[in-house]
Amino acid sequence: MRLTVDAVGHRFASGPWLFRAVSVTLEPGHVYALTGPSGSGKSTLLGILADWIRPTEGAVERDSIDRVTWVFQNPHGVPKRRALDHVALPLLAQGRTPQEADEIARGLLSRFRLEHLADRRFRELSGGEAQRLMLARGVAAKPDLFLIDEPTAQLDRLSGATVNEVLAATAQEHSIVVVATHDAQTREACTDHIDLGHFATETTEASRTATA
Ligand SMILES: Nc1ncnc2c1ncn2[C@@H]1O[C@H](COP(=O)(O)OP(=O)(O)OP(=O)(O)O)[C@@H](O)[C@H]1O
């Protein structure tokens, strides 16, 4: 399994180039931090990796990448459902028995430091707890490509720190993980770093300065 990004560049309609000549090879087992200034195209590049957006130039080669999971800034759960159920559901969908699913889900909750909250309803979780639950659920879904967009952006520093502490737990042997982030601590928690700022073009820089 591998994702090869070859000389990729993107601009929307007649807008400026967000980035050009991005070439990286992403492999399972790694957690890649994708950083860059606001508006540099981090979310756009995630969309390109997921095959939701066709890049203006260049190519993305997907070798055995079928299942893609996203975690967004705002954790979305079912308010009345227990934390445990959120993680067990993808396991049931994979054909696990309810007993197996619960057992694996409890292990994942513990990996993301949520074991004491297994029976808590989603609506009763704090922002940091809810975001950690989304990471646990994402791992349970066993995606080939796991995209995490600004996981700490909506959190205060303390809650954000609890998310950063467990971020490395998303690493899996059979999963490529990419985390778009502004947060220096989130970047530190990842195993690898892709700085989109390096791939900005002069035009992009000029237009950003002009609009700053
Ligand atoms: N569908 C679209 N059509 C036109 N412009 C778009 C579209 N999606 C994003 N953009 C623009 O492209 C630029 C990059 O957006 P993107 O969300 O990828 O940046 P980002 O680095 O993730 O930003 P942030 O860190 O603020 O979330 C922005 O100027 C945005 O307004």
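Side-chain atoms are counted along with the backbone in the values below, which use heavy atoms only and exclude waters and symmetry mates. Model, not experiment: these values are computed from the prediction.
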Could you give me the CA-CA distance, side-chain angles and deciding distance for E124 and E129, then say whether side-chain contact (heavy atoms from CB on, under 4.5 Å) is met? CA-CA 9 Å; E124 294 162 352; E129 290 162 354; over 6 Å; no

Taking the side chain as everything from C-beta on, heavy atoms only, tell me whether R123 gets closer than 4.5 Å to K80. yes

Mind checking the CG-CZ spacing from L135 to R137? Nearest 0.5 Å is all I need. 10.5 Å

For the residue pair G29 and A171, what are the closest heavy atoms and their distance? O-CB, 4.0 Å

Please tell me if the side chains of V60 and V8 come closer than 4.5 Å, counting only heavy atoms from C-beta onward. yes

One should read off an interatomic distance between I176 CD1 and D144 CG, to the nearest 0.5 angstrom, of 8.0 Å

For A88 and D102, which heavy atoms make the closest approach, and how far apart are they? CB-OD1, 3.9 Å

Search all heavy atoms of A189 against all heavy atoms of A168 and return the closest pair with its distance. O-CB, 3.9 Å

Roughly how far, to the nearest 0.5 Å, is CG of D149 from CG of N74? 10.5 Å

Do L145 and M1 pass the side-chain contact (heavy atoms from CB on, under 4.5 Å) test, and can you show the C-alpha distance, the side-chain angles, and the key distance before you say yes or no? CA-CA 10 Å; L145 179 61; M1 182 196 299; over 6 Å; no

Closest contact, heavy atoms only, L91 versus A105: CD1-N, 3.8 Å

Close side-chain approach of V178 to I148, heavy-atom, < 4.5 Å: no

Between P143 and V68, the two heavy atoms sitting closest are CB-C, 4.4 Å

Please answer whether the main-chain N or O of L155 pairs with a side-chain N or O of T152 as donor and acceptor at a distance below 3.5 Å. no

Does a sphere of radius 6.0 Å around CD in E103 hold more than 12 heavy atoms from other residues, nucleotides or ligands, not counting ones at 6.0 Å or beyond? no

Main-chain N/O of P28 paired to S175 side chain as donor or acceptor, under 3.5 Å: no

Count I, L, V, M, F, W, Y as connected when their side-chain heavy atoms are under 4.5 Å apart, and connections chain through other members. Are F72 and V87 then in the same cluster? no

Euclidean distance, I53 CD1 relative to F12 CZ, rounded to 0.5 Å: 4.5 Å

Donor-acceptor pair between H10 and T56 side chains, under 3.5 angstrom: yes

So, taking the atom named CG in L133 and the one named NE2 in H76, what distance separates them when rounded to the nearest 0.5 Å? 13.5 Å

Establish, yes or no, whether a centroid distance under 6.0 Å links the rings of Y32 and H193. no

R2, CZ: over 12 other non-hydrogen atoms inside 6.0 angstrom: no

Step-by-step ring-ring contact (aromatic ring centres under 6.0 Å, His included) determination, W17 to F19: CA-CA 5 Å; W17 287 97; F19 47 80; 8.7 Å; no

Tell me, with the steps shown, if V31 and V179 meet side-chain contact (heavy atoms from CB on, under 4.5 Å). CA-CA 7 Å; V31 181; V179 187; 3.8 Å; yes

Report yes or no: does R132 contribute a side-chain atom to a donor-acceptor pair with the main-chain N or O of F112 at less than 3.5 Å? yes

Can you check salt bridge (Lys or Arg N to Asp or Glu O under 4.0 Å) on E115 and R106, steps first, answer last? CA-CA 6 Å; E115 63 275 25; R106 282 186 194 279; over 6 Å; no

Are H30 and V177 side-chain neighbours, meaning at least one heavy-atom pair lies under 4.5 Å? no

Of all heavy-atom pairs between L125 and L117, which one has the smallest distance, and what is that distance? CD2-CD1, 4.1 Å

Do R81 side-chain atoms and D85 backbone N/O form a donor-acceptor pair below 3.5 Å? no

For the hydrophobic clusters of this structure (ILVMFWY residues joined by side-chain heavy atoms under 4.5 Å, transitively), does one cluster hold both L89 and L114? no

For E100 and T97, indicate whether the former's side chain and the latter's backbone hold a donor-acceptor pair under 3.5 Å. yes

Are any of the side-chain heavy atoms of R62 and L49 separated by less than 4.5 Å? no

Any chance the side chains of T162 and R113 put a donor and an acceptor closer than 3.5 Å? no

Transitive ILVMFWY side-chain link M134 to I104, under 4.5 Å: yes

Matching residue for C190 among N164, T35, L34, L167 - test: side-chain contact (heavy atoms from CB on, under 4.5 Å): L167

When you compare the side chain of F146 with that of V71, does any pair of heavy atoms fall below 4.5 Å? yes

Under 3.5 Å: donor-acceptor pair, side chain of Q94, backbone of A140: yes

Single-linkage hydrophobic cluster, 4.5 Å side-chain cutoff, V166 and L108 together: yes

Taking the side chain as every heavy atom from C-beta outward, state whether L147 and T69 have any pair of such atoms under 4.5 Å apart. no

Find out if a path of hydrophobic residues (ILVMFWY) with successive side-chain heavy-atom gaps under 4.5 Å connects L45 to I65. yes

Does the H86 side chain pair with the main chain of V78, one donor and one acceptor, at a distance under 3.5 Å? yes

Within a strict 4.5 Å, meaning less than it, do heavy atoms of the R82 and R120 side chains meet? no

Are Q154 and Q73 linked by a side-chain donor-acceptor pair shorter than 3.5 Å? yes

CG-CG distance between L196 and L18, expressed to the nearest 0.5 angstrom: 8.0 Å

Is the backbone of T181 close enough, under 3.5 Å, to the side chain of K42 for a donor and an acceptor to pair up by distance? no

